[in-house]
Amino acid sequence: MLELNFLRKDKERVLEGLRKKNLPADQLAMVDEILALDIQRKSLQTLMDNGLNQVNSLSKEIGNFMKSGQTAEAENAKNTVSGIKEKNKEIEEQLKLIQNKQETLLLSLPNLPHSSVPNGKVAEDNEVFQDWPVALPVLPDSAKPHWELAQDYDIFDMELGVKISGSGFILYRRNGARLQRALINFFLEEANSAGYEEVWVPLLVNKETAFATGQLPDKEGQMYYAEKDDLYLIPTAEVPVTNIYRNEILKESDLPVCLTAYTPCFRREAGSYGAHVKGLNRVHQFDKIEIVRIEHPDNSYRALELMLDHVRSLLAKLELPYRILKLCGGDMSFSSALTYDFEVYSAAQKRWLEVSSVSNFETFQTNRMKLRYKNKDGQIQLLHTLNGSALALARIVAAILENHQTDKGIRIPLALQKYFGSEYLCNTQI
RNA sequence: GGUGAGGUGGGUGAGUGGCUGAAACUAACGGUUUGCUAAACCGUCGUACUCCAAAAGGGUACCGAGGGUUCGAAUCCCUCCCUCACCGCCA
């Protein structure tokens, strides 16, 4: 949620940012609407507060009258009070209406893009921020996509997923299951040594939590919902992890907060991966190790660099060719101020696969969830939140299978071998 | 799921209708003292909205959440949520 104060102080910059995010004109008009409501809201609030003030002081007088036995005066004052209260009731109703309207509008505005975000409307407009510096690998024509490899090596089974749950659910088996476990451990250990504290979090969250990180109300339809208990299955660990600090005022010395968590992620539709939805490219449940940082506003963009470095090192250790995209205004998510996407090149599918997304949300989430810090002068300010996938398993599995396929089996990258237990993934029962 | 007891500021905890935005203790922060540490002493110590050009200073709201009674509610009533204990069930 954008800060109301920012709208009040610098409307032009807000509009400029919203234009960069490709908001249509009718939504841009909301800014003026919000500001108009704000003026109304303030005057109504002042009116109501004055009324309440009168009631409060009269009530004290009544108490005194009663003590000193001045019954007539007391009764008189009571009548005055009930008159004021009646008036106040109307004001209060109006005020609530306006407040709700203002909040709804404010909630429907996306975050403003950072000044370095490239202009553009669609994915094709994204800027290649860092390309793969050498020639992309070329595999022999006999190279197979991961869904065929999966059959050869019997490592996951789409049909069993369908049998047990439905389409988009994968059942990993044998070396596939083992590879999952190895990757989870590898990513968590790497995050640990990069200074991220590991947390293990609930996978079902309440409304308040889903609201705070921005999944509600915008993306209600994307989440699985357990109606009986009014809980949502998390679409990403970002939700429970960031919410650890909901409604907190941190000390400057607590910063930065760096957390990591492994969780399964549940998505009713797995988003916009384009037309290629085969195999592991698009699933309803996948596994992800997330890194989350809560940062001092002055430091958040440096922190974003650190997160990029971390993801870079993971991909390097997995020996996968990758590039980094800086998302354009139109392709960025609702709540992000700056997002870098990591794409791994699959030599078998001969295309780039998105495997990580690293974003700075600045104060967009913290404003919603009232996550702040107190500076040395005692002033309270909003913090910045950042998060990134480090990494998402399903696509990484696809990339490893495809890129590292050899005659001897799937070559396991050196860094992963101690977690997986052997040099090659073969079609053998372990 | 059943029964009982509770939910007050960072923590402990007082407070059963007006003098309570809230005692006391403690933690934290600033200072004095001290050879260092400790102790002692003094001071500060909630958040949000709002009024004022700004500061100073006001106003309003908040004692789990939401309603209600009352001139007046942390305190009385209702609903919900949560915590703890015991029982039941269970990996």
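These figures come from a predicted structure and were not determined experimentally. Each chain gets a letter, A, B and so on, in the order its sequence line appears, and its residues count up from 1.
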### Task
When you get a sec, tell me which of B:rU50, B:rU47, B:rA61 is the closest nucleotide to the side chain of A:I249?
B:rU47
### Query
Which part of the nucleic acid, if any, lies within contact of A:M48, taking any heavy atom under 4.0 Å across all strands shown: a base, the sugar-phosphate backbone alone, or nothing?
nothing
### Message
Say we look at B:rA23 and B:rC29: how far apart would their C1' atoms be, to the nearest angstrom?
### Response
22 Å
#### Entry: Rounded P spacing from B:rA22 to B:rC62 in Å
14 Å
### Paired nucleotide for B:rC52 [Watson-Crick or G-U wobble; both distances under 3.5 Å]
none
### Task
Could you tell me the separation between the CZ atom of A:R368 and the C1' atom of B:rA48, rounded to a whole number of Å?
19 Å
### Query
Closer than 4.0 Å, any side-chain N/O of A:N50 to the OP1 or OP2 of B:rG59?
no
### Query
On RNA chain B, nearest-nucleotide positions of A:K67 versus A:L4: which is more 5'?
A:K67
#### Entry: Base of B:rG59 paired with side chain of A:D49 (donor-acceptor, under 3.5 Å)
yes
#### Entry: A:N88 side chain reached by A:I91 side chain, heavy atoms, under 4.5 Å
yes
## Note on the structure
The residue, A:S59 or A:T46, whose nearest nucleotide of RNA chain B is more 5′ is A:S59
#### Entry: Nucleotide B:rC71, atom C1' - distance to CD of A:Q70 in whole Å
15 Å
### Query
When the C1' atoms of B:rC45 and B:rG11 are considered, how many whole Å apart are they?
14 Å
#### Entry: Taking every non-hydrogen atom, the tightest pair across A:L425 and A:Y153
O-CE2, 3.7 Å
### Task
Look at A:R41 and B:rU50 and indicate whether a side-chain polar atom (N or O) is within less than 4.0 Å of OP1 or OP2.
yes
### Query
Are any of A:K374's side-chain N or O atoms less than 4.0 Å away from OP1 or OP2 of B:rU47?
yes
### Query
To the nearest Å, how far apart are A:Q54 CD and B:rG58 P?
20 Å
### Message
In this structure, how many angstroms lie between the C1' atom of B:rC51 and the CG atom of A:L47, rounded?
### Response
13 Å
### Query
Expressed in whole Å, how much space separates the P atoms belonging to B:rG46 and B:rA24?
13 Å
### Task
Look at the aromatic rings of A:H146 and A:F156 and report parallel, tilted or perpendicular, splitting at 30° and 60°.
tilted
### Query
If we take the P atom in both B:rU26 and B:rC42, what is their distance in whole Å?
11 Å
### Task
Once you apply the 3.5 Å cut-off to both distances, tell me the Watson-Crick or G-U wobble partner of B:rA85, or none.
B:rU3
### Message
How many whole angstroms separate atom CD of A:Q379 from atom C1' of B:rG46?
### Response
17 Å
### Task
Specify whether A:F342 and A:Y322 have parallel, tilted or perpendicular ring planes, treating 30° as the upper limit for parallel and 60° as the lower limit for perpendicular.
tilted
### Query
Is there a Watson-Crick or G-U wobble partner for B:rC63 with both distances under 3.5 Å, and which nucleotide is it?
none
### Query
Do you see a donor-acceptor pair shorter than 3.5 Å between the side chains of A:Y232 and A:N206?
no
### Gap in Å between the two P atoms, one belonging to B:rA14 and one to B:rC82, rounded
25 Å
### Query
Out of B:rU60, B:rA48, B:rU70, which nucleotide sits closest to the side chain of A:I380?
B:rA48
### Message
Any base atoms under 4.0 Å from A:K96, or only sugar-phosphate, or nothing? Heavy atoms, all strands.
### Response
sugar-phosphate
### Summary
note: A:L95, atom CG; B:rU60, atom C1'; distance rounded to Å ~ 11 Å
### Message
What is the distance, to the nearest angstrom, from the CG atom on A:L52 to the C1' atom on B:rC71?
### Response
14 Å
### Message
Side chain of A:R372, heavy atoms from C-beta onward: which of B:rG46, B:rU60, B:rA48 has the nearest atom to it?
### Response
B:rA48
### Query
If we take the C1' atom in both B:rA65 and B:rU8, what is their distance in whole Å?
15 Å
### Task
For B:rA73, give its Watson-Crick or G-U wobble partner with both distances under 3.5 Å, or none.
none
#### Entry: Whether A:Y196 and A:H310 hold their rings parallel, tilted or perpendicular, with breakpoints at 30° and 60°
tilted
### Spacing of A:Q102 atom CD relative to B:rC49 atom P, expressed in whole Å
12 Å
### Message
Categorize A:L58 for me: base, sugar-phosphate, or nothing, with a 4.0 angstrom heavy-atom threshold over every strand shown.
### Response
nothing
### Task
Measure from the side-chain heavy atoms of A:N56 and tell me the nearest of B:rU60, B:rC49, B:rU70.
B:rU60
### Query
Paired with B:rC90: which nucleotide, if any, by Watson-Crick or G-U wobble criteria at under 3.5 Å for both distances?
none
### Any donor-acceptor N/O pair, A:H404 side chain to A:L318 backbone, under 3.5 Å
yes
### Query
If we take the C1' atom in both B:rG17 and B:rG68, what is their distance in whole Å?
16 Å
### Message
Do A:R368 and A:F211 form a cation-pi contact, if we require the NZ or CZ to be under 6.0 Å from the six-membered ring centre and within 45 degrees of the ring's axis?
### Response
yes
